[in-house]
Amino acid sequence: MSETRRKLTTIFCADVQDYTRLMGADEEGTLASLKRCREAMGRLIESHGGRVINTWGDGLIADFPSVVEAVRAAVDTQNELAGFNARRPADGRMLFRIGINLGDVIVEGDDIYGDGVNIAARLQASAAAGGIVISSTVYDQVRNKVAVGFEFLGPLMVKNVDEGVPSYAVKIGDARDETPPAERSGPARPQPQPAVMAAAISEARPAPRGRRLYGVLAVIAAVLICINLLSWQGVFWARFPVLALAVVAALAWNRDQTLFNRKITSLAIVALGIAGINLFTWTGQFWAMWPILGIAAVMGVRWSMRR
């Protein structure tokens, strides 16, 4: 007797947009990035109660007993990969497409087969780079249970399925997909809003969270200066907390910027902070030169060892 059986499960399919181009440009770097992204994805899948069934090339398939947890795992994956890609050049980002379907599948050993899997794979192929597309069976289960938006994409034609499968794009964040329609399979349709594209937009302008932080720090600095002036006793003590706030603001900016190496820039910010302390406590000796020299040496080593 065959050991095959059937079960109802949530199928999660993912692959990398433009994987062939990435491999052609940098095989070793692309494989290293793929491994890192898969490890992150596998960890998130497991944390949401799912299991990775198989991987092949740039693809991955997993299943979940919970539809809600499958979608949450997909959202968490795209958000985490957005942070990873924000530190990479625009033409070297590894953007995954994810498709999720709830369906009846054939189980044989550790593998699953059937139309439910085929539909998930077709949904994944129709997703934008960095996006998530789900079937209507998934949408019906999660529409009021997951804190994301949805955009109806219409019926999706799938091989061996007579009727089109209604599908929805999961909308994460405020960014909009910029992938040209000619690069996607299937008919033209409204574009989903993947979280990964927020990383590209952040290069052009500060994130709203960053702007709010800068505003708060500026208000605190102004209040401290006012207190110092109103209680003036011949000492401008506010210069030290204001310097600390400036360092915090610079480190916050460095966290979001993509123009320079973040680790090297962090060291440079610390060095400037030390120089500021030296100047504010000037006694005729530039003692900050020694810690700054040490930081410069570390920066030089990091720069020389960069990839």
Side-chain angles (χ1 to χ4, degrees), residues 9-17 33-34 36-53 55 58-88 93-103 119-153 156 166-179 189-202 207-209 256:
T9 191
T10 309
I11 307 103
F12 174 115
C13 282
D15 81 346
V16 179
Q17 173 82 3
S33 296
L34 178 63
R36 179 174 175 179
C37 291
R38 273 191 178 158
E39 288 175 350
M41 192 179 299
R43 169 174 49 80
L44 290 169
I45 287 171
E46 183 177 351
S47 70
H48 285 277
R51 69 180 182 103
V52 175
I53 295 174
T55 59
D58 61 321
L60 177 146
I61 184 169
D63 73 341
F64 291 79
S66 166
V67 186
V68 172
E69 292 302 322
V71 175
R72 286 175 175 166
V75 172
D76 287 350
T77 293
Q78 296 294 32
N79 284 333
E80 180 157 332
L81 295 183
F84 169 74
N85 284 302
R87 299 186 292 271
R88 301 177 62 82
R93 291 174 179 163
M94 182 158 288
L95 305 178
F96 277 79
R97 304 174 297 186
I98 298 176
I100 303 175
N101 179 46
L102 172 64
I119 291 172
R122 184 68 180 87
L123 292 167
Q124 164 259 302
S126 69
I132 305 166
V133 174
I134 62 176
S135 65
S136 59
T137 55
V138 173
Y139 172 78
D140 291 340
Q141 298 296 320
V142 304
R143 57 184 176 180
N144 296 321
K145 300 173 184 175
V146 182
V148 293
F150 300 94
E151 178 183 354
F152 182 60
L153 303 179
L156 180 69
S167 58
Y168 294 80
V170 178
K171 299 193 291 184
I172 317 170
D174 299 324
R176 291 191 176 274
D177 175 43
E178 299 175 1
T179 306
R189 53 174 173 78
Q191 305 303 316
Q193 301 176 354
V196 172
M197 299 312 296
I201 293 176
S202 68
R209 181 179 61 182
D256 297 326

Novice: How close do Gly49 and Pro65 get, heavy atom to heavy atom, and via which atoms?
Specialist: O-CD, 3.3 Å

Novice: Given 3.5 Å as the limit, does a donor-acceptor pair link the side chain of Arg51 with the main chain of Ile45, or not?
Specialist: no

Novice: Could you measure the distance from the CG atom of Leu60 to the CG atom of Asp58? Nearest 0.5 Å is fine.
Specialist: 10.0 Å

Novice: Against Ser135, only a single residue in Asp140, Thr10, Asn101 fulfils side-chain hydrogen bond (donor to acceptor under 3.5 Å, both in side chains); can you say which?
Specialist: Asn101

Novice: Donor-acceptor pair, distance only, cut-off 3.5 Å: does the side chain of Ser167 make one with the backbone of Leu153?
Specialist: no

Novice: How are the rings of Phe150 and Tyr139 set to each other: parallel, tilted or perpendicular (split at 30° and 60°)?
Specialist: perpendicular

Novice: What verdict does the side chain to side chain contact (heavy atoms under 4.5 Å, CB included) test give for Leu34 and Arg38, after you've listed the backbone C-alpha separation in whole Å, the side-chain angles of each residue and the deciding distance to 0.1 Å?
Specialist: CA-CA 6 Å; Leu34 178 63; Arg38 273 191 178 158; 4.1 Å; yes

Novice: Find out whether Met41 and Thr77 are in side-chain contact, i.e. whether some heavy atom of one side chain is under 4.5 Å from a heavy atom of the other.
Specialist: yes

Novice: Supply the atom-to-atom distance Leu123 CG to Ser126 OG, rounded to the nearest 0.5 angstrom.
Specialist: 5.5 Å

Novice: Donor-acceptor check, side chain of Asn85 to backbone of Met94, threshold 3.5 angstrom: yes or no?
Specialist: yes

Novice: Would the distance check show the side chain of Gln78 and the main-chain N or O of Phe96 forming a donor-acceptor pair, the cut-off being under 3.5 Å?
Specialist: yes

Novice: In Å and rounded to the nearest 0.5 Å, what is the CD1 to CG distance from Ile61 to Asp15?
Specialist: 12.0 Å

Novice: Arg97 side chain to Gly131 main-chain N or O, any donor-acceptor pair under 3.5 Å?
Specialist: no

Novice: Given salt bridge (charged side-chain N to carboxylate O under 4.0 Å, His left out), test Glu69 with Arg72 step by step and report yes or no.
Specialist: CA-CA 5 Å; Glu69 292 302 322; Arg72 286 175 175 166; 3.0 Å; yes

Novice: Indicate yes or no: at least one non-hydrogen side-chain atom of Ile98 is less than 4.5 angstrom from one of Val133.
Specialist: no

Novice: Stepwise, does the side chain to side chain contact (heavy atoms under 4.5 Å, CB included) test hold for Val16 with Leu95?
Specialist: CA-CA 6 Å; Val16 179; Leu95 305 178; over 6 Å; no

Novice: Check the pair Asp63 / Phe12 against side chain to side chain contact (heavy atoms under 4.5 Å, CB included), numbers first and verdict last.
Specialist: CA-CA 6 Å; Asp63 73 341; Phe12 174 115; over 6 Å; no

Novice: Please check this pair: side chain of Arg88 against backbone of Phe84, looking for a donor-acceptor N/O pair closer than 3.5 Å.
Specialist: no

Novice: Look at the side chain of Glu151 and the backbone N and O of Tyr168, then say whether any donor-acceptor pair between them is shorter than 3.5 Å.
Specialist: no

Novice: Ile11 and Ile100: side chain to side chain contact (heavy atoms under 4.5 Å, CB included), yes or no, with the steps?
Specialist: CA-CA 6 Å; Ile11 307 103; Ile100 303 175; over 6 Å; no

Novice: So, do Gln141 and Val68 sit near enough that their side-chain heavy atoms are less than 4.5 Å apart?
Specialist: no

